Amino acid sequence: MTANDWIDLRSDTVTRPVPGMREAMANAEVGDDVLGEDPTVRELEETLAGMTGLEAGLFMPSGTQSNLVALLTHCGRGDEYIVSQDAHTYRYEGGGAAVLGGIQPQPLERAADGTLDLEQVRRAIKAPDFHFARTRLLCLENTIHGQALPLDYMQRARRLTEETGLALHLDGARLFNAAAALDVPLAAISRHADTVSICLSKGLGAPVGSVLLGSAAFIREARRWRKVAGGGMRQAGILAAAGLYALTHHVERLGEDHRRAAELGQGLKDCGYTVTRQATNMVFLRVDEGRAQELHDALLRERIRVDVLDTANLRLVTHLHINDNDIERVTETLAGLAQAV
Ligand SMILES: *Cc1c(COP(=O)(O)O)cnc(C)c1O
């Protein structure tokens with residue numbers, strides 16, 4: 001697919017629609033989806049509802065909007081959600097829930113394995129007292145920084161929210177990667193959540209699109225908030241067709257991305273790099289303080305792109321357009337640079 005010999009490992013969002021996907025998009029049957037008349041959007045929403053075991057779905061342009069609409073539907077002004085300090089819904093979405101919903105986050109530090117300590121979550125739930133915001137929601141992310149949350153953790157989180165009357169929203173931007181890593185069907189994870197947001201535009205390779213899933217009643221209300229957020233699209237079936245194509249053709253192959261990331265991680269360890277984490281399709285590297293940009297620039301000269309996280313940490317992500325030869329070339333190039341960093 002690559003138009004040149006660049007290897008782009010910055011993110012799995014850099015994928016471009018493959019010819020078969022473009023063909024499916026061109027041939028999509030469409031209607032006005034704001035009026036609920038786009039058959040391809042409906043098919044996508046129903047397909048994902050079936051896969052997650054949730055009642056209904058709602059197609060949106062981005063994962064940020066899907067999470068925002070979930071928060072706006074779960075919480076009102078003066079309510080709060082409990083969330084990890086570095087979760088996408090807290091840190092990377094422009095504070096949208098606070099900006100647009102008057103919803104306050106209650107961020108907590110997470111453990112290295114991506115989980116929030118559930119006893120700490122329980123203690124963070126505020127008592128019913130008018131001094132406090134009303135704690136309504138626990139928001140988890142799976143995968144989180146590449147790591148799949150253990151199934152029994154999801155189950156325990158679910159039990160906690162049931163006991164305390166909170167709802168559970170799962171930011172499953174990469175939920176298919178989590179399911180592949182755990183080797184379980186999607187529903188084995190999603191059945192522990194009230195609502196789930198899934199991105200089609202990450203490892204699944206669609207150009208645009210996320211789907212929010214939940215009960216039929218929740219999705220009816222979410223449809224209103226989607227409109228408020230400006231996410232009502234008209235002949236969106238052209239985009240939904242890309243998502244449907246991805247569900248048919250790009251789910252099974254996620255295991256290949258994971259295998260390649262594991263090989264890359266191992267290869268880099270073997271030539272002396274500090275791999276701080278390798279999980280699903282991601283590899284995280286730590287270099288000497290202040291050297292991350294230097295390594296990035298050296299790789300750029302070799303037509304390899306990686307993501308600089310901070311002054312000492314980099315991220316490499318495998319996806320649809322990364323093959324075994326690319327992994328070999330990246331490993332060899334980094335081996336050659338190992339002395340320099
Ligand atoms: C990418 C991502 C989102 C949002 O995606 P956009 O489509 O880029 O808005 C949400 N959560 C997580 C964990 C993500 O990785």
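Owing to the predicted nature of the structure, the values given are computational and were not obtained by experimental measurement.
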With no hydrogens and no angle check, just 3.5 Å: does a side-chain donor-acceptor pair link [X] and [Y]?
X: E93; Y: N67; answer: yes
X: D270; Y: Q266; answer: yes
X: T135; Y: E80; answer: yes

Checking [X] side chain against [Y] main chain: does a donor-acceptor pair fall under 3.5 Å?
X: T280; Y: G146; value: yes
X: D38; Y: G31; value: yes
X: R329; Y: E302; value: yes
X: R22; Y: P17; value: yes
X: D326; Y: N323; value: yes

If you measure from [atom1] on [X] to [atom2] on [Y], what distance do you get to the nearest 0.5 Å?
X: T40; Y: L239; atom1: OG1; atom2: CG; result: 10.5 Å
X: L140; Y: I189; atom1: CG; atom2: CD1; result: 12.0 Å
X: L213; Y: L58; atom1: CG; atom2: CG; result: 9.0 Å
X: I103; Y: D79; atom1: CD1; atom2: CG; result: 7.0 Å
X: Q65; Y: L72; atom1: CD; atom2: CG; result: 9.5 Å
X: L168; Y: Y81; atom1: CG; atom2: OH; result: 14.5 Å

Residue pairs, two or more places apart or on separate chains, that pass salt bridge (charged side-chain N to carboxylate O under 4.0 Å, His left out) and touch residues 181-204: R158-D194

ring-ring contact (aromatic ring centres under 6.0 Å, His included): pairs with one or both residues in residues 142-201, sequence neighbours excluded: none

Any pair counted as ring-ring contact (aromatic ring centres under 6.0 Å, His included), so long as it reaches residues 214-250, sequence neighbours left out: H74-F218, Y245-H249, Y245-H250

A side-chain contact here means heavy atoms from C-beta on lying under 4.5 Å apart; do [X] and [Y] qualify?
X: K126; Y: Q106; answer: yes
X: V208; Y: S201; answer: no
X: F284; Y: L309; answer: yes
X: P207; Y: M25; answer: yes
X: I144; Y: R110; answer: yes
X: M51; Y: L48; answer: yes
X: R305; Y: L299; answer: no
X: D307; Y: L314; answer: no

With sequence neighbours excluded, residues passing ring pair (Phe, Tyr, Trp, His ring centres under 6.0 Å) with Y92: H88

Results of side-chain hydrogen bond (donor to acceptor under 3.5 Å, both in side chains) for [X] - residues two or more places apart only:
X: D12; value: R174, N281
X: N325; value: none
X: R234; value: D32
X: S84; value: D86

Side chain to side chain donor-acceptor pair (under 3.5 Å) contacts touching residues 41-63 (sequence neighbours left out): none

Residues that T164 engages under side chain to side chain contact (heavy atoms under 4.5 Å, CB included), provided they are two or more places apart: R122, I125, L160, L166

Qualifying residues under side chain to side chain contact (heavy atoms under 4.5 Å, CB included), relative to R77, sequence neighbours excluded: none

Throw together a table of side-chain donor-acceptor distances under 3.5 angstrom for residues 127-134, partners on residues two or more places apart or in other chains.
| unit_1 | atom_1 | unit_2 | atom_2 | d |
| --- | --- | --- | --- | --- |
| D129 | OD1 | H131 | N | 2.7 |
| D129 | OD1 | H131 | ND1 | 2.6 |

